[in-house]
*Asks:* 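Okay, handing you the structure first.
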Amino acid sequence: MDEQRRARQEAVLNRLDRFSRFTDSSLRIPFTRFELGAEAIIGLIPGVGDLAGLVLSGYVLVEAQRAGASGATKRRMVRNMLIDFVGGLVPVVGDAFDAIYKANTRNTRLLRKELMRDLGRKEKKPFPWTTLLGLSLLFGAITALAMTFF
């Protein structure tokens, strides 16, 4: 793959990361780990807000088209957009659904997976610190029990 195409795809992913952060998780609710974004706030406007959110989500799809995403990936993206839109139409519960579902982040992740595959790289996965801590505690407890009985 030529360097120019690689640079374009990485630029697309960087733009979509910023966009997804803005629309899905730019505001943290104090004293919680929960984040919401502009799309959830816009969705509070009855009727018009959900339609505006759908239009915003269309940007990720446009970028996926420009980046050369497969038809299967784009169909999954449209499905996520429609789930987010229809779920957001339900009064009161739909606003909470909008804040939780985060279609733009899901769609950016789908595109990232496909483009990383095209670039010949695997997506970086974070180190499972909680699993390490949990297993360490479990093994420590087993060792302490074994030492108590033997």
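As the structure is a prediction and not an experimental result, all values here were calculated from the model. Numbering of residues begins at 1 and proceeds along the displayed sequence.
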*Asks:* Does Val60 offer a backbone N or O that forms a donor-acceptor pair with the side chain of Asn107 under 3.5 Å?
*Replies:*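 No, because the side chain of Asn107 does not come within donor-acceptor range (under 3.5 Å) of the backbone of Val60.
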
*Asks:* Among residues at least two apart in sequence or on other chains, which ones pass side-chain hydrogen bond (donor to acceptor under 3.5 Å, both in side chains) with Lys102?
*Replies:*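 Here no residue qualifies.
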
*Asks:* Any chance you could measure Ser26, atom OG, to Phe19, atom CZ, to the nearest 0.5 Å?
*Replies:*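 The OG atom of Ser26 sits 11.0 Å away from the CZ atom of Phe19.
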
*Asks:* Go through it in stages, so that I can follow the logic: the residues are Arg18 and Arg21, the test is side-chain contact (heavy atoms from CB on, under 4.5 Å), and I'd like the CA-CA distance, side-chain angles, deciding distance and then a yes or no.
*Replies:* CA-CA 5 Å; Arg18 286 190 306 272; Arg21 204 172 308 113; 4.1 Å; yes

*Asks:* Would you indicate whether the side-chain heavy atoms of Phe97 and Ile83 approach each other to under 4.5 Å?
*Replies:*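 Yes; the side chains approach each other to less than 4.5 Å.
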
*Asks:* Let me confirm one number: the CG-CZ distance from Leu27 to Phe34, rounded to the nearest 0.5 Å.
*Replies:*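 Separation between the atoms: 11.0 Å.
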
*Asks:* Among the clusters formed by ILVMFWY side chains lying less than 4.5 Å apart, do Val55 and Met81 turn up in the same one?
*Replies:*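 They do not share one cluster, since no chain of ILVMFWY contacts under 4.5 Å joins Val55 to Met81.
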
*Asks:* Transitively linked via ILVMFWY side-chain contacts under 4.5 Å: Val86 with Leu61?
*Replies:*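 Yes, same cluster.
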
*Asks:* Quick check on the hydrophobic clustering: are Val78 and Leu111 connected, directly or via other members, by side-chain heavy-atom contacts under 4.5 Å?
*Replies:*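 Linked within one cluster.
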
*Asks:* Between the side chains of Asp17 and Arg112, is the shortest nitrogen-to-carboxylate-oxygen separation below 4.0 Å, so that they form an ion pair?
*Replies:*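 Yes, charged N to carboxylate O under 4.0 Å.
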
*Asks:* Closest heavy-atom contact between Met77 and Ala64?
*Replies:*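 So the two residues come closest at SD-CB, 3.6 Å.
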
*Asks:* List for me each residue that meets salt bridge (Lys or Arg N to Asp or Glu O under 4.0 Å) alongside Arg15, sequence neighbours excluded, and say none if there are none.
*Replies:*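 For Arg15, the residues satisfying salt bridge (Lys or Arg N to Asp or Glu O under 4.0 Å) (neighbours in sequence not counted) are Glu63.
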
*Asks:* Which residue pairs pass the salt bridge (Lys or Arg N to Asp or Glu O under 4.0 Å) test when at least one of the two sits in residues 84-101, sequence neighbours left out?
*Replies:*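 Qualifying pairs, neighbours excluded: none.
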
*Asks:* Could you tell me which residues satisfy salt bridge (Lys or Arg N to Asp or Glu O under 4.0 Å) with Arg8, sequence neighbours excluded, listed by chain and number?
*Replies:*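 Counting only residues at least two positions away or on another chain, Arg8 forms no salt bridge (Lys or Arg N to Asp or Glu O under 4.0 Å).
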
*Asks:* Does any pair with a residue in residues 28-44 pass salt bridge (Lys or Arg N to Asp or Glu O under 4.0 Å), and if so which ones, sequence neighbours excluded?
*Replies:*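 Passing the test, one end in residues 28-44: Arg28-Glu35.
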
*Asks:* When hydrophobic residues are tied together by side-chain contacts of less than 4.5 Å, even through go-betweens, does Leu56 share a cluster with Phe22?
*Replies:*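 Not linked; separate clusters.
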
*Asks:* Check the hydrophobic clustering (I, L, V, M, F, W, Y; side-chain heavy atoms under 4.5 Å; chains of links allowed) and say if Phe85 and Tyr101 are grouped together.
*Replies:*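 Result: no, two separate clusters.
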
*Asks:* Could you please spell out the steps behind the side-chain contact (heavy atoms from CB on, under 4.5 Å) verdict for Thr108 and Asp24?
*Replies:* CA-CA 11 Å; Thr108 298; Asp24 291 340; over 6 Å; no

*Asks:* Can you tell me if Tyr59 has over 12 outside heavy atoms packed within less than 6.0 Å of its OH?
*Replies:*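 Counting other residues, nucleotides and ligands, OH of Tyr59 exceeds 12 neighbours.
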
*Asks:* Taking only residues two or more places apart in sequence, or in another chain, which ones meet Thr73 in a side-chain hydrogen bond (donor to acceptor under 3.5 Å, both in side chains)?
*Replies:*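 With sequence neighbours excluded, Thr73 shows a side-chain hydrogen bond (donor to acceptor under 3.5 Å, both in side chains) to Ser70, Glu114, given in chain and number order.
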
*Asks:* Identify the heavy atoms of Asn104 and Ser57 that sit nearest to each other, and give their distance.
*Replies:*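 For Asn104 versus Ser57, the nearest heavy atoms are OD1-OG, 3.0 Å.
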
*Asks:* Could you tell me the separation between the CD1 atom of Ile42 and the CG atom of Leu51, rounded to the nearest 0.5 Å?
*Replies:*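 Ile42 CD1 to Leu51 CG: 11.5 Å, rounded to 0.5 Å.
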
*Asks:* So, taking the atom named CG in Leu44 and the one named CG in Asp50, what distance separates them when rounded to the nearest 0.5 Å?
*Replies:*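 Reported value, rounded in 0.5 Å steps: 9.0 Å.
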
*Asks:* Quick check for you: to the nearest 0.5 Å, what is the distance between Met147 atom CE and Leu145 atom CG?
*Replies:*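 Here the rounded value is 11.5 Å.
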
*Asks:* Looking at CD of Glu10 and CG of Leu13, how far apart are the two atoms once the value is rounded to the nearest 0.5 Å?
*Replies:*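 Between atom CD of Glu10 and atom CG of Leu13 there are 7.5 Å.
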
